[in-house]
Each structure stands twice: as structure tokens, then as C-alpha cells.
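Taking it in order: structure first as C-alpha cells, then the write-up.
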Amino acid sequence: MPKPMQMRLWLFVHSNSSPIPRILKRSFSNHVESTVNNNHAPDKKKKKNKEDPRVVKWNKAIAYHMRLGHLARAQQLFDQMPRTTVSSYNTMLSGYVSNSHFALAISLFSRMPSRDIISYNTMLHCHVRSGHLPTARHLFDEMPVKDEVSYNTMISAYARHGLLHQAKELFHQAPVRNNISWNGLLAAYIHSGRFELAKQLFESKPNWDVISWNSMIRGYVQQKQIYEAQKLFDNMPDRDNVSWNTIISGFAQSGDMTEARRLFDIMPVEKDVFTWTAVVSGYAKNGNVEEARGMFEKMPHKNVVSWNAIIAAYMQNRRFNEARKLFDQMPCRDQVTWNTMLSAYGNAGMIEEAREMFYEMPSRDTVSWSAMLAAYSQVGLSEEVLYMFREMFRRGTKANYSSYACALSTCADMATLNYGTQLHTQLFKVSYGMGCFVGNVLLTFYFKCGSMDDAQKVFDEMLEKDTASWNTMISGYARHGFGLKAWEVFDLMKQTQIKPDDITLVGVLSASSHAGLVDKGISLFYTMEQVYDITPKPAHYTCMIDLLGRAGRLKEAQSLVKEMPFEPEPTTWGALLGASRVHREPEIGIWAAKKIFELEPNNTGMYVLLSNLYASYGKWSDVLKTRVLMGGRGARKVPGFSWIEIKNKVHVFSVGDSAHPDKQRIYHFLEELDLKMKKAGYVSATEMVLHDVEEEEKVHMLRYHSERLAVAFGILNVPSGRPIRIIKNLRVCEDCHNAIKYIAKIENRLIILRDSNRFHHFSGGSCSCGDYW
DNA sequence: GTAGGGTTAG
């Protein structure tokens with residue numbers, strides 16, 4: 001049995017497809033011969049000694065300038081060299097890569113007269129660092145010879161991207177494994193969310209080095225198990241500065257700044273820029289900008305990253321002017337600086353400022369484009385999102401999963417399943433396997449579009465699933481009213497190594513509520529702390545109130561609200577309000593509505609809910625009062641009216657506030673409406689407004705009429721009672737198609753007509769409204 | 001020439 005090293009070289013020599021230059025091939029060949037004959041591995045030291053000392057001297061000088069980032073000087077030296085060897089090229093190559101000049105590295109690599117394994121490994125590292133894993137893999141596959149460095153480079157690259165499957169595959173394929181390979185595998189488990197497996201691996205091998213201990217601490221931090229992380233930190237055999245930085249940033253990220261600060265003050269190793277920056281960003285995340293600023297001032301050596309952290313601190317806490325001042329003062333800005341500003345403006349909905357940043361920034365990377373996409377998406381500019389997404393490709397920026405995520409979620413919002421599916425296909429072309437992130441994006445998309453089958457298919461095909469994948473499935477099914485299915489997924493999840501988190505339980509509780517699984521839901525809620533070690537949060541209470549409310553147990557829901565250990569959120573009150581409307585408990589509903597207005601005086605949606613609540617009891621004067629309170633804040637086309645037009649007939653949902661200040665506008669609308677209504681044989685709209693309180697009965701009748709149409713299409717009476725409804729393969733006439741869309745808008749539902757056929761696409765057929773063609 | 005820690009998008 002040949003030794004692994006010899007085996008690899010043998011493979012290389014006998015490979016006909018090897019792209020390696022002939023000269024190099026010959027020298028390799030000789031080398032192999034001698035190695036095989038002598039039956040021992042090549043001696044690296046001997047090889048090093050062969051290098052011309054003058055060349056070594058030049059190389060050292062080049063490397064020195066590269067380390068300092070003096071690229072031009074390094075280049076000059078390289079050009080002046082009396083004799084260049086592969087090692088000089090390699091020095092240049094690795095200098096370019098460590099200075100992130102990937103294009104220069106690629107160009108140099110292509111011009112090299114000969115290449116050795118180090119050139120190939122450096123190039124591999126180059127592609128990995130620039131984030132082009134498919135290119136790296138391609139090179140890896142084509143490499144004439146691979147050693148453990150090549151394998152390790154790929155393993156840890158896959159690990160960092162959460163691609164456990166690929167990392168594991170190469171780990172097992174690797175002919176030789178060292179500590180770095182094992183650490184790579186460990187990192188792969190951690191980054192793909194398979195922390196239980198990471199723990200098992202870590203426990204099974206006793207001789208781990210400090211790097212793996214640090215990875216495990218980081219893993220616990222990522223799992224939000226900070227006290228476990230601390231236990232590990234306390235027990236580890238020796239701690240270096242990275243260990244300290246990891247645990248400090250762990251406490252900082254988990255919001256425990258007291259402990260983070262205590263560790264910071266007692267740490268026995270020297271604090272570096274990582275330590276300081278972790279603390280600055282920790283204070284920022286806690287909203288303590290002053291303290292963050294104080295630490296920033298004290299920081300002995302600031303770099304761009306620390307500047308970025310302080311700018312993010314101000315931006316995250318909405319202190320835009322101060323952030324802007326710092327931004328202007330900064331000694332030098334990098335891509336992240338610009339992106340930080342851009343994305344923070346985007347998050348705040350300050351679209352103009354975001355746009356300004358985007359167009360002013362010297363260069364744009366994927367994050368910049370993604371942030372801009374997110375900014376547009378946030379303010380609902382769906383068309384802009386898709387335009388920018390295409391523009392991004394046109395400008396040659398590679399889209400990543402974030403950009404796809406944004407585009408896909410916009411597709412979901414616009415209910416453009418076709419374009420989204422197209423993106424799905426595209427994603428497959430560019431991707432290097434179904435990682436968690438891409439899978440989760442697709443799951444979200446298909447659920448948003450209501451294509452449960454497609455979502456399930458993606459889920460089944462996913463090689464790696466993390467907590468988010470399971471959560472998306474559970475809450476996806478829950479949202480669409482498939483409570484049993486959601487429970488099924490939850491039961492499956494419990495059989496895996498992945499632990500449910502608080503979001504999982506929110507999904508399961510809401511599934512229970514929509515499927516009427518009241519007892520299951522209640523028992524989960526009261527045992528979640530013991531079984532899953534998760535303390536109920538406001539969202540869990542909201543689910544419970546929704547669950548009890550839907551089941552008609554309003555009194556219990558009411559007392560649970562009172563028992564809550566924290567102030568109920570507007571959505572909690574909303575759940576109670578909705579239930580009280582369905583189960584005719586106006587007192588509770590009004591109580592809830594009042595609470596909502598205290599919390600959110602401008603919540604127009606709640607005004608509408610309240611006025612609907614009154615309307616369903618025939619309390620028309622209260623409807624009116626509520627509408628008056630709403631003022632001009634209603635999002636309707638004409639304030640005070642909800643109406644749809646179906647086949648030239650106007651259906652009025654409600655006519656409310658004749659007391660609305662914008663009388664001119666209302667009367668103008670009424671004139672138009674009048675004509676249409678009279679033509680359709682209905683009572684005049686003007687009449688209704690003038691006698692609105694008395695005539696509301698008639699309005700109610702009209703509402704009922706139009707609702708009947710809606711029921712025919714299956715739009716109302718959605719089993720889940722939730723605002724998403726998918727109608728597949730509907731044969732519908734043009735007018736009704738529009739009407740359905742309009743109902744969706746009025747009723748604040750997302751209705752998706754999937755694969756529906758419009759009137760003109762057919763010859764011979766009939767629509768549910770009675771029309772035929 | 002390969003592994004762990006701090007800042008930005010999702």
C-alpha cells in the first residue's frame with residue numbers, strides 16, 4: 001500500500017488532462033520518481049535550501065512591502081528582480097490576496113511561467129477569500145496535485161459558508177488530515193447550525209487545541225447559550241486573546257454589558273482592537289451610545305472596523321446627524337462604512353438618504369446592492385426592487401443569497417410566482433449546493449406565495465436544515481391554516497438534533513390556534529419552560545390569547561392578558577379585539593381597542609377594526625365616531641368609503657363619515673358613484689350618506705351581496721381566518737379578476753390568483769359571477 | 001499556501 005503522499009503524486013503524473021505546463025510536469029515527474037524510489041516523503045527543508053539566497057532576499061523584501069500594503073513598491077521590486085522563480089511569483093500572489101487585490105492575483109496567476117502547489121493553493125485561497133466558492137472548487141478539481149493545505153482550504157471555506165455537506169465530503173476524501181482539517185469540520189458543524197453534532201465531535205476527541213476550544217465557545221454564543229459558553233471558557237486548559245475576545249463579545253451580544261465589561265477589565269492578556277470593538281458594539285446594541293462613544297475614545301489603536309462600529313452605534317440608535325459627522329471625520333472609509341450608512345438609512349425608511357449614499361459611494365459590492373434592495377423593499381417600492389435587482393446583474397455585481405432573498409420576497413409580495421420560480425432556477429445555476437440560507441429563502445418565498453407543495457419539495461431536497469428552516473416550515477403551515485401539518489413538522493423536528501427555539505414555539509402555538517388544537521396549544525404553553533427551557537415571551541402570550549379567543553374562551557383570554565408579566569403589545573390587544581368581534585363580545589373588544597389607541601394613537605388599521613366591530617353590532621353612531629377619530633388617516637381611495645366595482649356594478653361595503661372634513665372630495669366622489677349605482681339599480685350613494693345612520697341597514701345588505709360573490713370565489717371565510725389565500729386554476733372573467741384584487745386590498749388580505757386564466761384567454765367558459773363567454 | 005475573535009445587507 002503506497003503512502004498517501006505518493007499516491008497523490010502518482011495520480012498527478014498519470015493524469016492526461018492535467019493543465020500543468022510541460023516543464024513543470026517534467027520536474028514533478030522526476031521528483032516523483034526519486035520520491036518513490038527512496039520511499040520517503042519530500043524533505044521541505046532540503047527544497048528550501050535549494051533556493052538561490054539572492055532570490056530569497058528579494059522575496060523577503062517584496063513580502064515586507066506587501067505586509068505593509070505598499071503594493072506599488074512590491075511590484076517595483078518584483079519588476080527589478082534580476083531573476084524570478086516560482087517562489088517570487090508566489091510571494092507576489094499571496095501579497096495580492098492578503099491585500100484583497102483579487103483581480104491582480106488572478107491576472108498574475110494566469111501569466112505565471114510555471115506553477116507549483118503553493119501557487120495553486122494561494123489561488124484557491126484567493127477565490128475563497130473573494131467569496132467565489134464555485135470558482136475555488138473548479139480550480140480544486142482541476143489542480144494537478146493536491147495536498148492537505150488544498151483540502152483544508154476548501155473544507156474551511158465550505159465550513160464558513162455553512163455548507164456542511166460539502167465540507168464533510170472533502171474531509172472524508174482527504175488523504176491526510178491534520179488539526180486544521182479537524183477544526184474545519186468542527187467549524188462546519190457550528191456554522192451550519194448543527195451544534196449538537198459539533199458538541200459530540202468535540203467530546204469524542206480529547207486532544208483539541210485552543211482554536212477548537214475557541215470555536216466551541218463561539219458556537220455556544222451563536223446558540224445564545226452564553227452561560228454554557230462561559231463554563232467552557234472557565235474549563236479550557238489555556239486561553240489566548242481570541243478566547244477572551246470571544247467570551248467578551250458573547251456577553252456583549254447577549255446584552256449583558258455588566259459581565260462583558262467585568263471580563264474586559266480583568267482580562268490578563270493584552271486587549272487588541274477586536275476586544276475594544278466588541279465592547280463598543282455591545283454598548284451600541286444596548287442603546288448605550290454614550291458609553292460606546294467613551295470606549296471608542298479610549299481605544300488606543302483604532303482601525304476602520306472600530307470606526308465602522310461607532311458609526312453603526314449612532315446609526316442603530318437613530319442619531320443620524322452625529323453618525324454623519326463621524327462619517328465625515330473618518331480618516332479613511334471602506335466598503336463597510338458606506339454600507340453601514342446606507343443600510344441604516346434604509347432600515348429607518350429614509351429612502352432619499354439611502355439613495356444618496358448608494359449613488360455617492362465610490363464602489364458598490366453585493367452588500368450595497370442588497371441594502372439598497374432592502375431599503376426599497378422596506379418602503380414597498382416593489383417595482384424598484386426588481387428593477388435594481390436586474391440592474392445589479394447588468395452592472396456586473398454578483399448577486400448573493402441576500403439579494404436573491406430580497407428579490408424573492410418582493411416576488412412574494414407582488415404575487416409574481418413566475419418570476420420567483422425563474423429566480424429559483426437561476427439560483428440553482430449559480431449556487432454550489434443547497435445551503436441553509438438559500439433553502440430558507442426559497443421556503444419563505446414559496447410559503448409567501450402559498451405554494452406549500454413547492455415549499456415542502458425544497459425542504460425535502462435541502463441537504464442541511466437549521467433552526468430557521470424548521471421554523472419557516474412550521475410557521476408557514478401555521479399561517480396558511482394547516483395546523484396539523486405544522487405539528488407534524490414540529491414532531492419531526494424533535495426527532496432531529498436541532499433544538500426548538502422561541503420562534504419555533506410561536507409557530508407551533510399559532511398553528512394550534514388556527515387548527516383549533518386548543519388543548520395541545522395550552523399544554524405546550526404551560527410546559528414550554530420545563531420541556532424546552534424557553535420562557536414565554538410576549539409573542540407566545542399573543543398566540544395564547546389568539547388561541548383562546550378563537551376558541552371562544554374570551555374570559556380566559558382576558559384574564560391571561562391581565563396575568564401577563566409584561567405590558568401587552570398592540571398585537572396582543574389586536575388578537576383579543578379580533579376574537580371579540582367574531583364571538584360577539586363587544587365590551588372586551590372595545591376595552592382592547594382603547595388599549596391599542598393608548599399605545600399607538602396612529603394605528604389606522606385598528607380604527608378600521610374597531611369601526612368594523614361596531615358595525616357588526618349595528619352600532620352605527622359609534623362607527624361614525626370612530627371614523628371621525630380616524631380623520632384623514634384612512635388608507636382608502638376616498639376617505640370613509642369601502643367599495644368595489646364588479647362588472648360595472650358598484651358594491652358599497654360601508655359608508656361612514658359624512659362628518660369627514662374633506663367634504664368637497666367626498667361629494668365629487670359621490671356624484672360619480674351615484675351615477676354608477678343608479679345605473680346598476682341600487683339606492684343612490686348620496687342618499688345613503690345623508691341618511692347614513694338610518695340607511696346603514698341597506699349598506700349592510702349591499703355588503704352582504706358583494707360578500708356572497710366573494711364567498712363564491714372562496715375568498716372570505718378563509719379557514720385560518722388569516723389574510724393569505726391562494727386560489728389556483730381559477731377561471732375568472734376580467735372584471736371579477738380585478739374585483740378580487742380589490743377585495744383583497746379592502747379586506748387587507750393577500751390573495752394570490754395562481755395560474756388563473758383571464759377571460760380573454762378562453763373561448764367558451766363561465767365565471768363564478770354567472771357571466772359566460 | 002490552510003483553522004478560531006470585532007463592523008454592514010438577509
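Quick note on labels: first sequence line is chain A, next is B, and so on, each numbered from 1. The shown structure was predicted, so the numbers you read here are calculated from the model rather than taken from an experiment.
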Aromatic ring centroids of F171(A) and Y151(A) under 6.0 Å?
no
What is the separation between atom CG on N347(A) and atom C1' on dA9(B), rounded to the nearest whole Å?
9 Å
So, for V97(A) and H125(A), which heavy atoms are closest and what is the spacing to 0.1 Å?
CG1-ND1, 4.0 Å
Nearest listed nucleotide, side chain of S249(A), among dT8(B), dG6(B), dA3(B):
dG6(B)
Roughly, in whole Å, what's the span from CE in M315(A) to C1' in dT7(B)?
14 Å
Given dT8(B), dG6(B), dA9(B), identify the nucleotide with an atom nearest to the side chain of N339(A).
dT8(B)
For dA3(B), does the base pair up with any side-chain atom of N178(A) as donor and acceptor (N or O, under 3.5 Å, distance only)?
no
Counting any heavy atom closer than 4.0 Å, what does A187(A) reach on the DNA or RNA strands: base, sugar-phosphate only, or nothing?
nothing
Check W244(A) against P268(A) and note the closest heavy-atom contact, atom names and distance.
CZ2-CD, 3.1 Å
What's the closest nucleotide to the I180(A) side chain, out of dT2(B), dT7(B), dG4(B)?
dT2(B)
Looking at R293(A) and E322(A), is there a salt bridge between them, counting it only when a charged N and a carboxylate O are closer than 4.0 Å?
no
Give Q378(A) one of three labels, base, sugar-phosphate or nothing, depending on what nucleic acid heavy atoms sit under 4.0 Å from its own.
nothing
Expected output is a numbered-order residue list: members of residues 327-336 of chain A with a heavy atom under 4.0 Å from any atom of DNA chain B. What is it?
V336(A)
Indicate, with a heavy-atom threshold strictly under 4.0 Å, whether N241(A) touches base, sugar-phosphate, or nothing.
base
Out of dT2(B), dG4(B), dT7(B), minimum distance to the side chain of A309(A) belongs to dT7(B)
Can you tell me whether the side chain of D209(A) and the base of dG4(B) have a donor-acceptor pair closer than 3.5 Å?
no
Classify the nucleic acid contact of R160(A) as base, sugar-phosphate or nothing, counting any heavy atom under 4.0 Å across all strands shown.
sugar-phosphate
When the distance from CD of Q222(A) to C1' of dG4(B) is rounded to whole Å, what number comes out?
13 Å
For A157(A), is there any backbone N or O sitting under 3.5 Å from a side-chain donor or acceptor partner on H161(A)?
yes
Determine: side-chain N/O of R218(A) to OP1/OP2 of dG6(B), distance under 4.0 Å, yes or no.
yes
Choose from dA9(B), dT2(B), dG6(B) the nucleotide whose nearest atom is closest to any side-chain atom of V273(A).
dG6(B)
Would you classify T153(A) as touching base, sugar-phosphate or nothing, given that sugar-phosphate means primed atoms plus P, OP1 and OP2, and contacts are heavy atoms under 4.0 Å?
sugar-phosphate
A278(A) side chain: which of dG6(B), dT7(B), dA9(B) is closest?
dG6(B)
Regarding D240(A), tell me which of base, sugar-phosphate or nothing describes its non-hydrogen contacts under 4.0 Å with the strands shown.
base
Just compare dT8(B), dT2(B), dG4(B) and give me whichever is closest to any side-chain atom of H125(A).
dT2(B)
Using modelled atom types and a 3.5 Å cut-off, is there a donor and acceptor pairing between side-chain atoms of D501(A) and backbone atoms of I503(A)?
yes
Side-chain atoms of N400(A) come closest, of dA3(B), dA9(B), dG4(B), to dA9(B)
Rounded off to whole Å, could you give me the OH-to-P distance for the Y283(A) and dT7(B) pair?
16 Å
To the nearest angstrom, the CG-P distance between D238(A) and dG4(B) comes to 18 Å
NA contact type, K285(A), heavy-atom cut-off 4.0 Å: base, sugar-phosphate, or nothing?
sugar-phosphate
I'd like to know if K199(A) and E203(A) make a salt bridge, using a cut-off of under 4.0 Å between side-chain N and carboxylate O.
no
Listed nucleotide nearest any side-chain atom of Q253(A), set dG6(B), dT2(B), dG10(B)
dG6(B)
Within 45° of the ring axis of W208(A) and under 6.0 Å from its six-membered ring centre, is that where the NZ or CZ of K205(A) lies?
yes
Rounded to the Å, how far apart are W307(A) CH2 and dT7(B) P?
18 Å
Taking the ring of Y220(A) and the ring of F233(A), is the distance between their centroids below 6.0 Å?
no
Within the 4.0 Å heavy-atom criterion, would you say S402(A) contacts the bases, only the backbone, or no part of the nucleic acid?
base
